[in-house]
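Down below is the structure, laid out as structure tokens.
Below, each value reflects all heavy atoms present in this structure, side chains not excepted, and no hydrogens, waters or symmetry copies.
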There are 2 protein chains.
Amino acid sequence: MNKRDRHSLIRELVQEQIIEKQEDLVRILMEKGIEVTQATISRDIKELQLIKVPSKSGGYRYNLPPEMNYDTARKLERLLRDAFISIDTQKEFVLIKTQPGNAFALGAIIDSADYEEVFGTISGDDTVLIICKGEEEALYMQRRIIAFI
Amino acid sequence: MNKRDRHSLIRELVQEQIIEKQEDLVRILMEKGIEVTQATISRDIKELQLIKVPSKSGGYRYNLPPEMNYDTARKLERLLRDAFISIDTQKEFVLIKTQPGNAFALGAIIDSADYEEVFGTISGDDTVLIICKGEEEALYMQRRIIAFI
DNA sequence: CCTAAAGAAGCATAAATATACATATCTTTT
DNA sequence: AAAAGATATGTATATTTATGCTTCTTTAGG
């Protein structure tokens, strides 16, 4: 079990069950035969940007980081519906073609959404180039963007 | 300075500046002449459901709680646009009239959104009664719901 | 006005979390 | 393949956060 796999397992776990503290994750992973210490989990949580949310019922629960806020999502959705032409990936790059004059706005929204997977964007008049942190991330970003259309 | 005022001040502070830890709030409030201990801040944070978000830059930052997620908001928006008839408040109650058969779904979404201001909901066939925690909260909920339409 | 009950907050401390440092492991370069 | 660098993780511990218990304050009821 490498770090990457552990991370995605942790993401699943916090969605599926109520993780009240880091030791819960240590215990659950232990039960699955994965030995890690609380220190590692603390670092994982930091990297995954998981948040500890006080719940109404009085306890606490670790959660995935907040998604893009509603307004931003609405803007992105509208813009894509209006101006999207095509999307493609190559290596760690995602290239989006838009109607002329719309790419800059699209790039700005993607920037403001502050995706973990994105290294940076460059926007021209009708093209946004998203530079992701890796190939896998590029594919993931492509999927996310397509989901908006 | 009572608890309510301190709470709204804390909400402002976490938006305006980077609060890395609870002691930061203790210090800032102290500078404003408000004496509280870390214990109180811990309880405030729990009540306000503030979250400690690991930031990209390596540190941590307290933030307001995540808004309703995008999917929930979308569902709520669609349902309101399709089925909304009227909304009104009286005291701590908000009464929403919908097309027959839609109130239950609406109530369920409002429940799942887990609004801080809401005490509970009761849904019939074409009516949702939202019981808020007070009059002020009811007016706030009314505004929020109208904003969706 | 008095008393009981509820709410708020301090103090002390327990519990949880983050991190400096050391070590091990994996990667890249020569 | 050895050396050098980067990455990952454990150990021990410092730092941060939550909470039991107590006291003080406010509110509600008689």
Side-chain angles (χ1 to χ4, degrees), chain A residues 1-11 13-14 17-65 92 116 119 133-137, chain B residues 1-11 13-14 17-65 92 116 119 133-137:
Chain A
M1 170 65 69
N2 60 23
K3 187 161 89 148
R4 177 167 284 246
D5 291 344
R6 190 180 63 244
H7 277 192
S8 67
L9 182 52
I10 289 172
R11 290 181 69 99
L13 287 172
V14 297
Q17 39 190 308
I18 293 172
I19 306 295
E20 293 192 290
K21 52 198 189 201
Q22 302 184 355
E23 290 290 354
D24 290 350
L25 282 172
V26 175
R27 186 175 34 72
I28 292 163
L29 291 174
M30 176 86 85
E31 283 161 14
K32 291 183 186 290
I34 303 157
E35 300 235 346
V36 277
T37 59
Q38 173 270 325
T40 297
I41 297 294
S42 172
R43 293 179 187 117
D44 288 344
I45 281 170
K46 185 170 194 172
E47 282 164 42
L48 293 167
Q49 293 192 275
L50 301 189
I51 57 182
K52 190 184 184 183
V53 188
S55 72
K56 298 269 153 68
S57 46
Y60 293 86
R61 170 173 194 176
Y62 277 98
N63 244 322
L64 297 186
E92 71 269 39
E116 178 61 28
F119 176 68
K133 293 189 181 163
E135 292 193 37
E136 205 171 308
E137 285 83 0
Chain B
M1 169 66 68
N2 62 23
K3 188 160 90 146
R4 179 171 280 248
D5 290 345
R6 190 181 62 242
H7 277 191
S8 64
L9 182 51
I10 289 171
R11 290 181 70 98
L13 286 172
V14 297
Q17 39 190 307
I18 294 171
I19 306 294
E20 294 193 289
K21 51 196 190 204
Q22 302 184 355
E23 290 290 354
D24 290 349
L25 281 172
V26 175
R27 186 174 35 73
I28 292 164
L29 291 175
M30 175 85 83
E31 284 162 12
K32 290 183 186 291
I34 303 156
E35 299 235 348
V36 278
T37 60
Q38 173 272 326
T40 298
I41 296 294
S42 172
R43 293 180 185 115
D44 288 343
I45 281 169
K46 185 170 194 170
E47 282 164 41
L48 292 167
Q49 293 190 277
L50 300 189
I51 58 181
K52 189 185 185 181
V53 187
S55 71
K56 299 264 156 74
S57 47
Y60 293 87
R61 172 175 191 172
Y62 277 98
N63 244 323
L64 297 186
E92 72 269 36
E116 177 61 28
F119 176 69
K133 294 190 181 162
E135 292 192 38
E136 203 173 311
E137 285 82 1

(message) Would you say that A/I10 contacts A/L50 through its side chain, given a criterion of any heavy-atom pair below 4.5 Å between the two side chains?
(response)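 A/I10 vs A/L50: side chains touch.
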Among all residues two or more places apart in sequence or in another chain, which pass the salt bridge (charged side-chain N to carboxylate O under 4.0 Å, His left out) test with [X]?
{"X": "A/E92", "value": "none"}
{"X": "B/E47", "value": "B/K3"}
{"X": "A/E31", "value": "A/R27"}
{"X": "A/R61", "value": "none"}

Could you tell me the separation between the [atom1] atom of [X] and the [atom2] atom of [N], rounded to a whole number of Å?
{"X": "B/D24", "N": "D/dT17", "atom1": "CG", "atom2": "C1'", "answer": "13 Å"}
{"X": "B/N2", "N": "D/dT26", "atom1": "CG", "atom2": "P", "answer": "11 Å"}
{"X": "B/Q49", "N": "D/dA18", "atom1": "CD", "atom2": "P", "answer": "13 Å"}
{"X": "B/L29", "N": "C/dA8", "atom1": "CG", "atom2": "P", "answer": "17 Å"}
{"X": "B/M1", "N": "C/dA8", "atom1": "CE", "atom2": "C1'", "answer": "15 Å"}
{"X": "A/E47", "N": "D/dT9", "atom1": "CD", "atom2": "C1'", "answer": "11 Å"}
{"X": "B/K3", "N": "C/dA6", "atom1": "NZ", "atom2": "C1'", "answer": "12 Å"}
{"X": "B/I19", "N": "D/dT16", "atom1": "CD1", "atom2": "P", "answer": "14 Å"}

(request) Give one of base, sugar-phosphate or nothing for A/E35, where a contact means two heavy atoms less than 4.0 Å apart. (result)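 Sugar-phosphate contact only.
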(request) Please work out if A/R6 contacts a base, only the sugar-phosphate, or nothing of the nucleic acid, heavy-atom cut-off 4.0 Å. (result)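 Sugar-phosphate, no base atom in range.
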Identify, with sequence neighbours excluded, every residue that meets side-chain contact (heavy atoms from CB on, under 4.5 Å) alongside [X].
{"X": "B/Q17", "result": "B/L13, B/I19, B/I28"}
{"X": "A/E20", "result": "A/I18, A/D24"}
{"X": "A/T37", "result": "A/A39, A/T40"}

(request) Classify every nucleotide of nucleotides 13-21 of chain C by which part a protein heavy atom approaches to under 4.0 Å, writing B for the base, S for the sugar-phosphate alone and - for neither, in 5'-to-3' order. (result) ---SBBBB-
(request) Specify the angle, to 10°, made by the local axes at the two ends of the helix from C/dC1-D/dG30 to C/dT30-D/dA1 when five pairs are taken at each end. (result)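 Inter-axis angle at the termini of the helix from C/dC1-D/dG30 to C/dT30-D/dA1: 40°.
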(request) Would you sort out whether B/V36 and B/D44 count as a side-chain contact (heavy atoms from CB on, under 4.5 Å), showing the intermediate values? (result) CA-CA 11 Å; B/V36 278; B/D44 288 343; 5.6 Å; no
